[in-house]
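Numbers here are sequence positions counted from 1.
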Amino acid sequence: MKLEVFKTANELYNYVADLVVGRIKSKPDLVLGLAAGATPGPLYKKMAEIHRHRGPSFSKIKTFNLDEYVGIDKRHNASFYRFTKEFLFEKTDISPNYSHSLNGQASDFAIECRDYEDQIQKAGGIDLQILGIGQNGHIGFNEPGSPKSSRTRVIELSKETRSKIPKELFTNQNIPEKGVTVGVGTILEAKEIILIAVGEAKSLAIENCFSGVESATWPASYLQSHHNVHIFCNLQAAKGLKNLPVPR
Ligand code: GLP
């Protein structure tokens, strides 16, 4: 596990955006796993800026969204598909034919989840998975208690996760009770993983997930056994960790 700490979030995002675009340069048909949420937003914005100003083309990459709320339409304000569309797909030349997402309104989630796993396999597996982290240590919607071997599935959202969902996004609808997410086992099969954490609210999760112990109570802690994982934090998010590297 490689941990990098940055003095500011802006420096972190510049660094990670260059890294991800560099991966696309070296492998134009990169298979990229995309988290949604406040954390990856600035990364996608910077990736789109780099793409616009100096290339490369993203037209051959394949993307797989990490998760979605169950019961909401793709066009809904809170949809993770809509988020990646607005931040990345519409701002770059990513092909709609190559951007995959889980359907929160699937009529049969067993089929939806199995098909998604098949599509990932058919694409050759995820080359690079981008992750944020929940304050309870979840990755995607893999809530505490998720097994390390879990695959893409529907999951009950915890009280804590539901309390963090911005209520203004759900004016005409209740806050979702379930999510559909790529599993921990599926995430761990990615060839490379980048997890980003910014802000003090994430510091407890970072401390519990990356201090050496692996447990289902803090699902991101499973990442510690992955052979190629980079954790990028700003100083506030990393404040609970011992033996911090010199901040960039
Ligand atoms: C959501 C998503 C996760 C995301 C997490 C943190 O629950 N399912 O994929 O990483 O929240 O979100 P944020 O980056 O907005 O803090």
Side-chain angles (χ1 to χ4, degrees), residues 1-28 30-59 61-68 78-94 98-101 126-135 138-141 164 166 181-182 187 190-203 205-206 209-210 220 223 226 228-238 247-248:
M1 184 182 96
K2 208 169 150 203
L3 169 74
E4 302 255 22
V5 179
F6 292 79
K7 289 189 193 117
T8 67
N10 192 43
E11 285 164 288
L12 182 156
Y13 286 116
N14 284 336
Y15 184 91
V16 182
D18 278 338
L19 192 157
V20 178
V21 173
R23 295 287 188 270
I24 298 172
K25 259 191 200 144
S26 6
K27 189 172 191 280
L30 191 84
V31 182
L32 189 59
L34 298 173
T39 309
L43 168 68
Y44 300 155
K45 228 171 145 182
K46 283 186 191 275
M47 283 169 60
E49 269 164 32
I50 300 174
H51 159 81
R52 208 169 45 246
H53 291 125
R54 36 177 226 263
S57 165
F58 290 180
S59 64
I61 70 168
K62 296 191 179 78
T63 62
F64 285 88
N65 279 22
L66 183 64
D67 51 7
E68 188 55 276
S79 149
F80 290 162
Y81 166 76
R82 180 169 165 168
F83 174 88
T84 46
K85 183 170 170 256
E86 286 177 3
F87 272 84
L88 202 55
F89 306 157
E90 281 175 353
K91 306 277 187 307
T92 63
D93 59 352
I94 289 178
Y98 291 163
S99 45
H100 305 82
S101 59
I126 306 278
D127 288 311
L128 176 58
Q129 176 66 56
I130 313 281
L131 295 175
I133 185 168
Q135 289 183 36
H138 71 230
I139 42 176
F141 273 136
K164 302 280 179 300
T181 184
V182 166
I187 292 172
K191 294 170 191 103
E192 183 175 15
I193 300 173
I194 286 178
L195 181 142
I196 303 171
V198 169
E200 197 168 343
K202 300 293 168 75
S203 64
I206 291 295
C209 293
F210 302 112
L223 298 176
H226 192 274
N228 193 12
V229 60
H230 312 255
I231 314 296
F232 295 105
C233 296
N234 72 344
L235 275 171
Q236 284 94 338
R248 283 177 178 270

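In plain terms, the two heavy atoms of A220 and I133 that are nearest each other are CB-CD1, 3.7 Å. Contact detail for L235 and P247: the closest heavy-atom pair is CD2-CG, 3.9 Å. Closest approach of L66 to A35, counting heavy atoms only: CD2-CB, 3.9 Å. The heavy-atom pair separating D93 from F58 by the smallest distance is OD1-N, 2.7 Å.
With a 4.5 Å cut-off on side-chain heavy atoms, K27 and D127 count as touching. Counting heavy atoms from C-beta outward, I194 and L128 have side chains that approach closer than 4.5 Å. Side-chain contact between I94 and S59 is absent, with no heavy-atom pair separated by less than 4.5 Å. For the pair Q129 and L131, the minimum side-chain heavy-atom distance is below 4.5 Å. Taking the side chain as every heavy atom from C-beta outward, L88 and F83 never approach each other to under 4.5 Å. Side-chain contact between Y44 and I130: present, with at least one pair of heavy atoms (C-beta onward) separated by less than 4.5 Å. Using a 4.5 Å cut-off on side-chain heavy atoms (C-beta onward), T84 and T63 make no contact. Between Y81 and F89 there is a side-chain heavy-atom pair separated by less than 4.5 Å.
Stacking of K46 on the aromatic ring of Y13 is not recorded, the 6.0 Å distance cut-off and the 45° axial limit not both being met.
Classification of K202 and E200 as a salt-bridged pair fails, no side-chain N sitting under 4.0 Å from a carboxylate O. Under 4.0 Å is where a charged nitrogen must lie from a carboxylate oxygen, and between E86 and R82 at least one such pair does.
Looking at N234, its side chain never comes within 3.5 Å of a backbone N or O of F6 through a donor-acceptor pair. At distances below 3.5 Å, at least one donor-acceptor pair connects side-chain atoms of H51 with backbone N or O atoms of P56.
Distance check, rounded to the nearest 0.5 Å: CD1 of I50 to CG of N14 gives 7.5 Å. Separating the SG atom in C233 from the CG atom in L3 is a distance of 5.5 Å, to the nearest 0.5 Å. Here CD1 of I61 is found 4.5 Å from CD1 of I24. Values are rounded to the nearest 0.5 Å. The CD1 atom of I231 lies 8.5 Å from the CD1 atom of I193; values are rounded to the nearest 0.5 Å. Interatomic distance, OG of S79 versus CG of N65, reported as 8.0 Å (0.5 Å rounding). For the atom pair NZ (K91) and CE (M47), the distance works out to 13.5 Å, reported to the nearest 0.5 Å.
Ring geometry, F64 versus H100: the interplanar angle falls under 30°, so the pair is classed parallel (tilted spans 30 to 60°).
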* Evaluation steps, side-chain contact (heavy atoms from CB on, under 4.5 Å), between I206 and L195 -> CA-CA 10 Å; I206 291 295; L195 181 142; 4.1 Å; yes
* Test salt bridge (charged side-chain N to carboxylate O under 4.0 Å, His left out) applied to E11 and R248, step by step -> CA-CA 8 Å; E11 285 164 288; R248 283 177 178 270; over 6 Å; no
* Check the pair F232 / V5 against side-chain contact (heavy atoms from CB on, under 4.5 Å), numbers first and verdict last. => CA-CA 6 Å; F232 295 105; V5 179; over 6 Å; no
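Within a 6.0 Å radius of OH in Y15, other residues, nucleotides and ligands contribute more than 12 heavy atoms.
A centroid separation of less than 6.0 Å is found between the aromatic rings of F80 and F141.
No side-chain N or O of Q236 forms a donor-acceptor pair with one of S203 less than 3.5 Å apart. Side-chain N/O atoms of H226 and E192 include no donor and acceptor closer than 3.5 Å.
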